[in-house]
Amino acid sequence: MTNSGRAFTIIANGLARVLVTLVKVGIAFNPDTSPSPEGKEYDGIWDTGATASVVTERVVTECGLKQIGIAEAHGVDGKYLTEVYLMSLRVPNGVGWPFMKVTKGKLPPGADVLIGMDIISRGDFAVTNFQGKTAFSFRWPSMERIDFTGKSQLVDKPPLSSGPSSIPKVGRNDPCPCGSGKKYKKCHGSANPPQ
């Protein structure tokens, strides 16, 4: 990965109902000790309505992804149990994440990877439809706030304040605030928090 901002923009020939890019998937790796795997290319759907990223059985098989557990997933058909895998992901601007958790699921025909908010929220994401053509842009890392109105309003609850006392304390045995269902000490309070 790089420390400078990297971005890509894709402009459709008309209005796009689905945002799709090529992505590269490979096995998870430690960038300090291993070279980046070549990976395989797949069509990836970018979905701001998805909390986490998902891959199909085809990706699991072709990339040789290793299962690390089972998780409860929530989809349009309700809750279900599914396998969790580790993988590496590279998006069109050359930015990649060497070690990320994904679940296995079913996706619409023609797509094998769903890019969820676990990736989208790591950078700046914008969609415009100027002159009847959808433009989709992603930049990593996040570098500025986009505000079309010039009248930003904070919607965080509780309201943010400038003092450190506004940050609630989380006990080691409390549920993790990320919503994983694990105790804080076993999730984001551990030495190796989830990516």
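Quick note: numbers below take in every heavy atom, side chains included, and nothing from hydrogens, waters or symmetry partners. Residues take their numbers from the sequence shown, with the count starting at 1. The structure displayed is predicted, hence computed values, not measured ones.
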I'd like to know if the side chain of [X] reaches the main chain of [Y], judged simply by a donor and an acceptor atom lying under 3.5 Å from each other, with no hydrogens or angles considered.
{"X": "S53", "Y": "V102", "value": "no"}
{"X": "T103", "Y": "V54", "value": "no"}
{"X": "S88", "Y": "I27", "value": "yes"}

For this session: Mind jotting down which residue pairs meet the side chain to side chain donor-acceptor pair (under 3.5 Å) criterion with at least one end in residues 24-33? Sequence neighbours excluded, please.
Result: K24-E38

Exercise. Can you tell which of D43, V59, V113 makes a side chain to side chain contact (heavy atoms under 4.5 Å, CB included) with V23?
Worked result: V113

Problem set entry | side chain to side chain contact (heavy atoms under 4.5 Å, CB included) between I45 and L19, worked out | CA-CA 6 Å; I45 295 176; L19 304 175; over 6 Å; no

Heavy-atom pair with the smallest gap, counting every atom of [X] and [Y]:
{"X": "M87", "Y": "L65", "answer": "CB-CD2, 3.7 Å"}
{"X": "A50", "Y": "L114", "answer": "CB-CD2, 3.2 Å"}
{"X": "D124", "Y": "P141", "answer": "OD2-O, 4.2 Å"}
{"X": "R6", "Y": "G94", "answer": "NH1-O, 3.2 Å"}
{"X": "E41", "Y": "L22", "answer": "OE1-CD1, 3.7 Å"}
{"X": "A16", "Y": "A12", "answer": "CB-CB, 4.2 Å"}

Exercise. Can you find a heavy atom in the side chain of T21 that is under 4.5 Å from one in the side chain of I115?
Worked result: no

For this session: Evaluate the side-chain proximity of L15 to K133: yes if any heavy-atom separation is below 4.5 Å, no if none is.
Result: no

Problem set entry | Worked check of side chain to side chain contact (heavy atoms under 4.5 Å, CB included) between W46 and V91 | CA-CA 11 Å; W46 294 66; V91 296; 3.8 Å; yes

Exercise. Between E144 and R139, is a side chain to side chain contact (heavy atoms under 4.5 Å, CB included) present by the stated rule, with each step listed?
Worked result: CA-CA 10 Å; E144 67 182 301; R139 174 180 54 203; 3.3 Å; yes

For this session: Determine, stepwise, if the pair T51 / H74 fulfils side chain to side chain contact (heavy atoms under 4.5 Å, CB included).
Result: CA-CA 9 Å; T51 304; H74 302 260; over 6 Å; no

